[in-house]
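Inspection log for the structure reproduced underneath, given as structure tokens.
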Amino acid sequence: MKITDIEVITLRVPPLHQESVWGEDAVIVKVITDHSFVGIGESDSAPSVIKSIIEAPSSNLYCHGLKSLLIGENPLEIQRLWDKMYWSSNYVGRRGAGIHAMSAIDIALWDIASQYYEVPIHTLLGGKYRDKIRAYGTFIPADKPEDNKVIARNLKNKGFTSLKFGGGILGDDNQTDVDIVKAIREELGDDFELQIDLASKWHTYSRAKEMFKRLSPFRLNWIEEPVLADDMESYQKLAHISETKLAGGESLTTRYEFRDFLTSAQPDLVQPDITRCGGISEMRKINDLAALHGTKLVPHGFSTGILLAATVQFLAATKDGDLIEYSQSTSPLFTSLVKNAPQFDNGYVTVPDCIGLGIELDEEVIQKYRID
Ligand code: MG
């Protein structure tokens with residue numbers, strides 16, 4: 001079997017001249033073979049940048065476009081192809097967007113392998129530890145603290161036993177942050193599992209330290225990305241003073257960055273995104289590293305049903321993979337792009353015993369939002 005083509009599709013809900021928020025654009029990769037198998041992957045990154053990294057013509061030894069490296073290759077040789085892409089794009093890739101693009105391709109290759117061997121991806125990964133995964137819902141908070149009560153109430157009523165919020169105005173103003181957390185905690189009750197995501201917007205250790213203290217009465221389960229993941233010294237200092245768990249890592253790629261983050265930042269949780277960190281292959285290595293450090297891995301995930309399907313397969317085959325992020329985005333790229341995405345039901349996402357990612361893309365949604 002040989003790879004014959006790689007198609008990169010970029011999607012966007014708002015027009016190009018308008019700002020896009022999380023979940024409103026996407027890049028999908030289709031790896032096409034000379035058999036009937038087509039693998040699907042995605043990267044939650046800047047779509048046009050990912051398209052360029054894959055489609056770029058070769059420049060020099062370490063600046064190959066990824067597609068040029070893969071045409072004619074056997075798609076079943078997933079790790080060798082990962083290493084080939086990493087080596088041969090390392091001036092332009094090696095971290096950041098280069099690994100994001102490789103992540104999409106890696107997911108597509110696992111999709112193909114599962115179709116070829118006719119067993120689920122979780123079987124190829126070593127076996128299924130669970131039939132369902134507890135899901136926590138992630139929402140972007142409303143600007144007025146009190147308006148978040150109805151959002152939280154509705155999600156609790158849908159069956160969520162764990163919620164997280166972040167983005168929007170969270171992190172812009174200390175008092176507003178406290179007021180939003182207070183309102184939501186009041187609504188959910190003292191024992192409900194609740195976490196917040198600052199998307200690095202507290203910026204400095206001193207501000208984060210103050211906010212950890214001010215928020216401690218609200219018994220948050222974790223505080224995510226109080227500062228940028230590069231600021232590992234601040235992470236480490238926060239880890240040592242805080243009773244609340246410290247989480248981060250969605251912006252990091254490869255086992256190398258996670259090794260440094262685990263060692264230097266000492267978080268309680270790491271959150272690699274399977275569509276950014278290097279795909280299913282690299283996620284497994286990161287999970288092993290996290291386990292060696294006694295750190296739980298809870299993947300980041302806030303994009304389309306492709307990401308969701310890949311994350312479900314990975315977690316199903318991971319010993320401690322018992323918590324998944326479940327986006328509450330209303331973007332059609334989350335709600336409608338994948339016709340049969342894994343569904344949330346009464347607190348859990350069911351692990352499908354499907355072949356491949358088991359997803360069907362809605363071609364009408366693709367045509368409606370395609371920009372390339
Ligand atoms: Mg986050």
Side-chain angles (χ1 to χ4, degrees), residues 20-26 42-46 96-97 99-100 103 134-142 148 151-152 155 160 162-172 177 180-181 184 193-203 207-208 211-212 215 220-232 234-235 238-239 242 244-253 257-258 261-262 265-278 283 286-287 290 295-304 307-308 310-311 314-315 321 323-331 333-334:
S20 167
V21 300
W22 283 316
E24 288 189 325
D25 63 3
E42 80 157 308
S43 177
D44 182 5
S45 184
I99 302 297
H100 299 170
S103 304
R134 191 163 79 98
Y136 77 83
T138 298
F139 64 95
I140 297 171
N148 289 290
I151 300 174
L155 291 172
F160 281 105
S162 181
L163 289 173
K164 183 180 90 180
F165 60 94
I169 63 164
L170 196 73
D172 290 349
D177 289 353
I180 294 175
V181 172
I184 294 175
E193 193 173 279
L194 178 65
Q195 40 271 355
I196 62 171
D197 180 358
L198 274 304
S200 312
K201 282 164 65 178
W202 283 341
H203 294 286
R207 182 174 171 196
M211 291 305 290
F212 270 67
L215 293 174
L220 293 167
N221 181 39
W222 77 65
I223 294 178
E224 177 173 327
E225 296 212 308
V227 296
L228 209 59
D230 291 335
D231 188 0
M232 291 187 267
S234 291
Y235 261 93
L238 288 166
S242 171
T244 307
K245 287 187 281 236
L246 188 57
E250 72 183 70
S251 64
L252 303 178
T253 62
E257 285 193 341
F258 278 93
F261 189 66
L262 285 159
Q266 299 181 355
D268 299 285
L269 299 168
V270 281
Q271 302 168 296
D273 185 311
I274 206 159
T275 72
R276 294 203 278 252
C277 73
M283 186 78 130
I286 293 163
N287 184 64
T295 303
K296 188 172 174 65
L297 185 150
V298 180
H300 175 264
F302 200 86
S303 189
T304 79
L307 174 150
L308 184 62
T311 304
F314 161 76
L315 285 174
L323 187 63
I324 189 167
E325 180 166 22
Y326 200 87
S327 168
Q328 295 301 303
S329 170
T330 55
S331 165
L333 300 183
F334 178 67

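This chain uses plain numbering: 1 for the first residue, then up along the sequence. When a ligand or atom number is given, it counts from 1 through the structure's own listing order. The figures that follow rest on heavy atoms only: side chains count, while hydrogens, waters and symmetry mates do not.
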For this session: Please confirm whether the backbone N or O of A97 pairs with a side-chain atom of S45, one donor and one acceptor, at under 3.5 Å?
Result: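 No, the answer is negative, given that no donor and acceptor are paired below the 3.5 Å cut-off.
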Exercise. Where the side chain of Q271 meets the backbone of G248, is there a donor-acceptor pair that is under 3.5 Å apart?
Worked result: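 Yes; at least one donor-acceptor contact below 3.5 Å.
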Seminar exercise, completed: At a cut-off of 2.8 Å, protein N/O/S around the Mg ion (ligand 1) gives D197 OD2, E224 OE2, E250 OE1
Exercise. Do R134 and S162 come close enough that some side-chain heavy atom pair is under 4.5 Å?
Worked result: yes
For this session: Return the orientation label for the Y136 and W222 ring planes: parallel under 30°, perpendicular over 60°, tilted otherwise.
Result: perpendicular
Exercise. Hey, are E42 and T275 close enough side-chain-wise for a donor-acceptor pair under 3.5 Å?
Worked result: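 Side-chain D/A pair, T275 to E42: absent.
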Problem set entry | Result of checking T138, D273, L307 against F302 for side chain to side chain contact (heavy atoms under 4.5 Å, CB included) | T138
